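Note sheet for the following structure.
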Amino acid sequence: MKQQLARAALVLTILAVLPGVGLLASGWEAGDYWVWQGSMEQSPSFTTTTTIYVLQSTGVLHQYELDVLGQIFRVDGQITVTLGTLLRDHNTLTSKGYNCRFQDAARWGYMPPGTQVEENRQLSDLFFGDVSSKQLTVVEDACVDMAVPAGEFACCNKLLITNHSESRNRVFDRRRVFWASPDLGWPVRTEEYFDPAAESYKLVNELVELGHVPPEEAALLVLSAIDEMKDHSWATPSTIFILRKQLLSLGLLQNEAP
C-alpha cells in the first residue's frame, strides 16, 4: 500500500512540472509503440526517426488512463531520449502531462471541425532584451483519409497551425499541417514549412511502423537508447544517470543496476 501511495505521489509530481497538452483518446497498452520517419525535400540526406513506447498503462477510476511514455529521437547520428507521464480523460478527450514533438497536434486534435484559435504571447528576448510576439492560428478539417507507410487511416482530423513571431532582429514564420487519427491517438503525417510563403524547407514526418512488444522489451529498448547517449558530448553523465534511474524506478528492470 505504501509503495502504491509513493508511486501515485511521484506521478502527481511529474504531472505538476510537465506542460499540459491535449491528446486524442484511444486505449493503449504497455508495449505499444509507434515510429515516425522525417525527411526534407531540399536535403535528402537529412533524416529523423521518432519512436514512442508505452512503458506502463494504468486505468484510473474507469475514466482516466495513466501512461508512462518513452520517446527516442534520432537525427543525423545524434540521439535524444525523453520520459514522461500522460494522464488522459477519455470522456473529454483531453490530457495533462508529457511533451513530445507532436504536442501541438495532440493539443488541438480533439477540437470540433472548423475550429479557429488565435493565441498572442509576449516573450522576453533573453539575448537582446526585446520582446517577441508570437501568434498561433489553428484551422481544423474533419474526416480526411490518409495513407502512410504504416497503413491507411480513415477520417483523420487535418490541422493547419501557423506561427508568426517578430523581434528587433528578425521575423520568423512557420506553418505546420497535421493529419491526426482519433483512433490511433497520434498524427500519422506532419508537414512543416519554415518559409510558408515559398513553401521551402519542407520537413515531412510519416508514421512508418506501429506494433506491440512485451513491456519488458520496450523498457530494454529505451534503456539501450539511454546508454547510447554516452557517445554524444552534449549528454552529461548526470542526465544519463537520471534517465536510467527514472526508467528503473518503473519496476520493469529489477535485475538491472543503475
Side-chain angles (χ1 to χ4, degrees), residues 19-26 28 32-54 69-76 78-80 82 84 86 93 95 98-111 113-117 119 134-165 172-211:
V21 298
L23 191 63
L24 304 172
S26 63
W28 293 345
D32 287 349
Y33 71 90
W34 306 269
V35 183
W36 293 263
Q37 283 190 352
S39 61
M40 185 175 291
E41 292 181 351
Q42 293 77 14
S43 181
S45 62
F46 177 85
T47 59
T48 67
T49 303
T50 304
T51 306
I52 296 180
Y53 291 96
V54 180
L69 307 181
Q71 175 181 271
I72 303 171
F73 177 65
R74 299 177 184 272
V75 55
D76 282 349
Q78 300 291 314
I79 182 172
T80 303
T82 56
L86 182 69
L93 307 184
S95 303
Y98 199 61
N99 187 0
C100 72
R101 290 176 50 79
F102 309 121
Q103 62 176 331
D104 281 339
R107 180 182 182 189
W108 300 110
Y110 67 91
M111 301 189 71
T115 298
Q116 296 190 35
V117 180
E119 289 186 346
K134 287 192 174 182
Q135 296 177 337
L136 173 66
T137 303
V138 180
V139 180
E140 182 171 354
D141 297 325
C143 218
V144 178
D145 295 338
M146 176 57 62
V148 294
E152 296 184 1
F153 296 85
C155 212
C156 295
N157 293 329
K158 182 181 178 181
L159 295 85
L160 169 64
I161 301 178
T162 59
N163 295 80
H164 176 77
S165 62
F172 179 74
D173 288 299
R174 181 184 180 196
R175 179 164 66 90
R176 289 169 293 165
V177 185
F178 295 88
W179 287 265
S181 169
D183 295 331
L184 189 67
W186 291 112
V188 298
R189 178 182 171 92
T190 70
E191 295 179 358
E192 188 169 1
Y193 302 89
F194 294 96
D195 185 358
E199 293 195 350
S200 61
Y201 301 102
K202 178 182 177 181
L203 178 63
V204 175
N205 273 282
E206 287 189 318
L207 187 69
V208 297
E209 183 182 350
L210 71 164

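Being a predicted model, the structure only gives us computed values, none of them experimental. When a residue number appears, it is its place in the shown sequence, counting from 1.
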Provide the closest heavy-atom pair for [X] versus [Y] in the form atom of the first, atom of the second, distance.
X: V188; Y: S181; value: CG1-CB, 4.0 Å
X: A154; Y: D145; value: CA-OD1, 3.2 Å
X: A150; Y: V208; value: CB-C, 3.7 Å
X: E152; Y: A147; value: CG-CB, 3.9 Å

Drop me the distance from [X]'s [atom1] to [Y]'s [atom2], to the nearest 0.5 angstrom.
X: F153; Y: M146; atom1: CZ; atom2: CE; result: 11.0 Å
X: F178; Y: N157; atom1: CZ; atom2: CG; result: 13.0 Å
X: Q37; Y: T51; atom1: CD; atom2: OG1; result: 9.0 Å
X: E192; Y: M40; atom1: CD; atom2: CE; result: 8.0 Å

Would you say that [X] contacts [Y] through its side chain, given a criterion of any heavy-atom pair below 4.5 Å between the two side chains?
X: L210; Y: W186; answer: no
X: I79; Y: I72; answer: yes
X: Y193; Y: L203; answer: no
X: I52; Y: V35; answer: no
X: W28; Y: L86; answer: yes
X: W34; Y: L184; answer: yes
X: F73; Y: T48; answer: yes
X: T190; Y: V177; answer: no

**Message:** Please enumerate all residues that pass side-chain contact (heavy atoms from CB on, under 4.5 Å) together with E206, with sequence neighbours excluded.
**Reply:**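 Here the qualifying residues are V148, P149, R189, V204.
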With sequence neighbours excluded, what pairs up with Y33 under the ring pair (Phe, Tyr, Trp, His ring centres under 6.0 Å) test?
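In terms of ring pair (Phe, Tyr, Trp, His ring centres under 6.0 Å), with neighbours along the sequence ignored, Y33 is linked to Y53.
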- prompt: Does the disulfide bond (SG atoms under 2.5 Å apart) test come out yes or no for C143 and C155, once each step is laid out?
  reply: CA-CA 4 Å; C143 218; C155 212; 2.2 Å; yes
Assess the residue pair I161 and R175 against the criterion (side-chain contact (heavy atoms from CB on, under 4.5 Å)); give the C-alpha distance rounded to whole Å, side-chain angles, the decisive distance to 0.1 Å, and a yes or no. CA-CA 6 Å; I161 301 178; R175 179 164 66 90; over 6 Å; no
Checklist line | Any donor-acceptor pair under 3.5 Å from W36 side chain to P187 backbone | finding: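 Confirmed, W36 side chain pairs with P187 backbone.
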How far apart are the C-alpha atoms of R176 and E191, what are their side-chain angles, what is the distance that settles it, and do they pass the side-chain contact (heavy atoms from CB on, under 4.5 Å) test?
CA-CA 5 Å; R176 289 169 293 165; E191 295 179 358; over 6 Å; no
